[in-house]
Asker: 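What follows is a single structure, and I will ask about it in a moment.
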Amino acid sequence: QVQLVESGGGLVQAGDSLRLSCVSSGLTFRSYHMAWFRQAPGKDREFVARVMAYGDTFHATSVRDRFTISRDNTRNTVYLQMNSLKPEDTAIYYCAAGTVLAFSPQTYQYWGQGTQVTVSS
């Protein structure tokens with residue numbers, strides 16, 4: 001049974017930092033592309049960043065230069081370091097695993113339950 005478990009969310013002020021973690025089990029982690037998505041109330045799920053199975057990364061324009069995705073294959077974990085947080089970053093953040101390189105959430109096979117990030121102004 002595949003499980004992705006996120007942690008690290010919370011309530012912070014604008015300009016603060018958070019580090020999200022997503023621990024996976026039940027899959028061959030090193031073979032999967034891993035991604036972070038987010039969903040704010042009333043909005044569609046939005047791509048944030050991805051790290052390919054072989055390590056290359058890509059970040060959405062809205063978070064580039066503030067967020068950094070990384071992975072540790074020895075710990076089956078993907079991270080999202082979020083700096084200079086803004087109120088518009090407020091959302092539930094989800095990690096996802098997939099075998100197809102894409103930005104669409106529909107292409108990812110496995111999902112975590114999400115972790116809430118709230119940024120106050």
Side-chain angles (χ1 to χ4, degrees):
Q1 180 182 356
V2 175
Q3 282 193 311
L4 302 178
V5 180
E6 302 99 332
S7 62
L11 171 62
V12 297
Q13 293 187 328
D16 285 351
S17 298
L18 280 175
R19 188 195 197 202
L20 306 184
S21 300
C22 171
V23 180
S24 71
S25 60
L27 54 74
T28 306
F29 181 76
R30 67 174 64 86
S31 298
Y32 281 80
H33 308 307
M34 301 298 297
W36 287 96
F37 289 80
R38 65 186 181 186
Q39 189 165 18
K43 295 189 176 181
D44 291 336
R45 195 163 293 190
E46 173 190 28
F47 170 84
V48 176
R50 72 180 183 209
V51 54
M52 287 65 145
Y54 40 86
D56 287 358
T57 62
F58 185 88
H59 300 77
T61 302
S62 60
V63 305
R64 204 165 291 164
D65 298 328
R66 298 189 299 122
F67 291 9
T68 303
I69 190 171
S70 61
R71 66 189 297 157
D72 184 342
N73 288 343
T74 66
R75 298 178 183 272
N76 291 348
T77 301
V78 60
Y79 303 98
L80 186 68
Q81 178 66 44
M82 304 187 295
N83 299 328
S84 302
L85 282 160
K86 303 176 181 180
E88 51 263 43
D89 295 319
T90 295
I92 300 175
Y93 283 70
Y94 300 89
C95 73
T99 56
V100 176
L101 272 181
F103 299 110
S104 169
Q106 285 77 16
T107 61
Y108 286 81
Q109 296 157 259
Y110 303 108
W111 291 84
Q113 82 290 347
T115 185
Q116 177 71 48
V117 172
T118 303
V119 185
S120 63
S121 57

Asker: Looking at every heavy atom in both R38 and A91, which two are closest together, and how far apart are they?
Answerer: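 Of all heavy-atom pairs spanning R38 and A91, the closest is CB-CB, 3.8 Å.
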
Asker: Exactly one of L20, V48, V119, T68 should register a side chain to side chain contact (heavy atoms under 4.5 Å, CB included) with M82. Which one does?
Answerer: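 That would be L20.
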
Asker: Can you label the angle between the F58 ring and the F103 ring as parallel, tilted or perpendicular, going by 30° and 60°?
Answerer: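 F58 vs F103 ring planes: tilted.
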
Asker: Hey, quick one: are M34 and F47 part of the same hydrophobic cluster, counting side-chain heavy atoms closer than 4.5 Å, chains of contacts allowed?
Answerer: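 No.
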
Asker: Taking the side chain as every heavy atom from C-beta outward, state whether Q109 and L27 have any pair of such atoms under 4.5 Å apart.
Answerer: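 Q109 does not reach L27 side chain to side chain.
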
Asker: Taking all non-hydrogen atoms of both residues, which atom of T77 and which atom of S21 are closest, and how far apart?
Answerer: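 Distance-wise, the nearest heavy atoms are CG2-CB, 4.3 Å.
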
Asker: Are V63 and Y93 linked, directly or through intermediate hydrophobic residues, by side-chain heavy-atom contacts shorter than 4.5 Å (ILVMFWY only)?
Answerer: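 As far as the 4.5 Å side-chain criterion goes, V63 and Y93 are connected within one cluster.
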
Asker: Any sub-3.5 Å donor-acceptor pair from R66's side-chain atoms to S84's backbone N or O?
Answerer: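 Answer holds: yes.
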
Asker: Are V23 and R75 close enough that some pair of their side-chain heavy atoms sits under 4.5 Å apart?
Answerer: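 Counting from C-beta outward, V23 and R75 never come under 4.5 Å.
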
Asker: Locate the shortest heavy-atom distance separating A102 from T107; write the atom from each residue and the value.
Answerer: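 Heavy atoms of A102 and T107 come nearest at CB-OG1, 3.4 Å.
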
Asker: Just verifying a value: how many Å separate C22 SG and Q3 CD, rounded to the nearest 0.5 Å?
Answerer: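 Taking SG in C22 and CD in Q3, the distance rounds to 11.0 Å.
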
Asker: Are any of the side-chain heavy atoms of V78 and W36 separated by less than 4.5 Å?
Answerer: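 Yes, side chains in contact.
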
Asker: Using modelled atom types only, decide if a donor and an acceptor are shared between the side chain of E6 and the backbone of Q113 within a distance under 3.5 Å.
Answerer: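 Between the backbone of Q113 and the side chain of E6 there is a qualifying donor-acceptor contact (under 3.5 Å).
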
Asker: Under the 6.0 Å and 45° cation-pi test, does R50 pair with F37?
Answerer: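 Output no; distance or angle outside limits.
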
Asker: Do the side chains of Y110 and L80 join up, straight or via other hydrophobic residues, at under 4.5 Å, putting them in one cluster?
Answerer: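 Yes, Y110 connects to L80 through the hydrophobic network.
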
Asker: So for atom CZ, which belongs to R30, do other residues, nucleotides or ligands contribute more than 12 heavy atoms lying within a distance under 6.0 Å?
Answerer: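 No, the 6.0 Å shell around CZ holds no more than 12 heavy atoms from other groups.
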
Asker: Between F29 and R71, is there a cation-pi geometry (under 6.0 Å to ring centre, at most 45° from the normal)?
Answerer: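 Satisfied, under 6.0 Å and within 45°.
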
Asker: Between S24 and L4, which heavy-atom pair has the shortest distance, and what is it?
Answerer: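 Reported closest heavy-atom pair: CB-CD2, 3.3 Å.
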
Asker: Between Y94 and L18, is there a shared hydrophobic cluster once you connect ILVMFWY residues whose side-chain heavy atoms come closer than 4.5 Å?
Answerer: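 Different hydrophobic clusters.
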
Asker: Measure from the side-chain N and O atoms of H59 to the backbone N and O of D65, and report whether any donor-acceptor pair falls under 3.5 Å.
Answerer: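 Here the side-chain-to-backbone pair does not exist.
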
Asker: If you compare all heavy atoms of A14 against all heavy atoms of S121, which two are closest, and at what distance to 0.1 Å?
Answerer: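 Heavy atoms only, the tightest pair is CB-CA, 4.4 Å.
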
Asker: Report the C-alpha separation of S62 and E46 in whole Å, then their side-chain angles, then the decisive distance to 0.1 Å, and conclude whether the side chain to side chain contact (heavy atoms under 4.5 Å, CB included) test is met.
Answerer: CA-CA 11 Å; S62 60; E46 173 190 28; 4.0 Å; yes

Asker: Check step by step if side chain to side chain contact (heavy atoms under 4.5 Å, CB included) holds for N83 and F67.
Answerer: CA-CA 6 Å; N83 299 328; F67 291 9; over 6 Å; no

Asker: With a 4.5 Å heavy-atom cut-off, do T90 and Q116 have their side chains touching?
Answerer: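 Counting from C-beta outward, T90 and Q116 do come under 4.5 Å.
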
Asker: L101 and H33: which non-hydrogen atoms are nearest, and at how many Å?
Answerer: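 So the two residues come closest at CG-NE2, 3.7 Å.
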
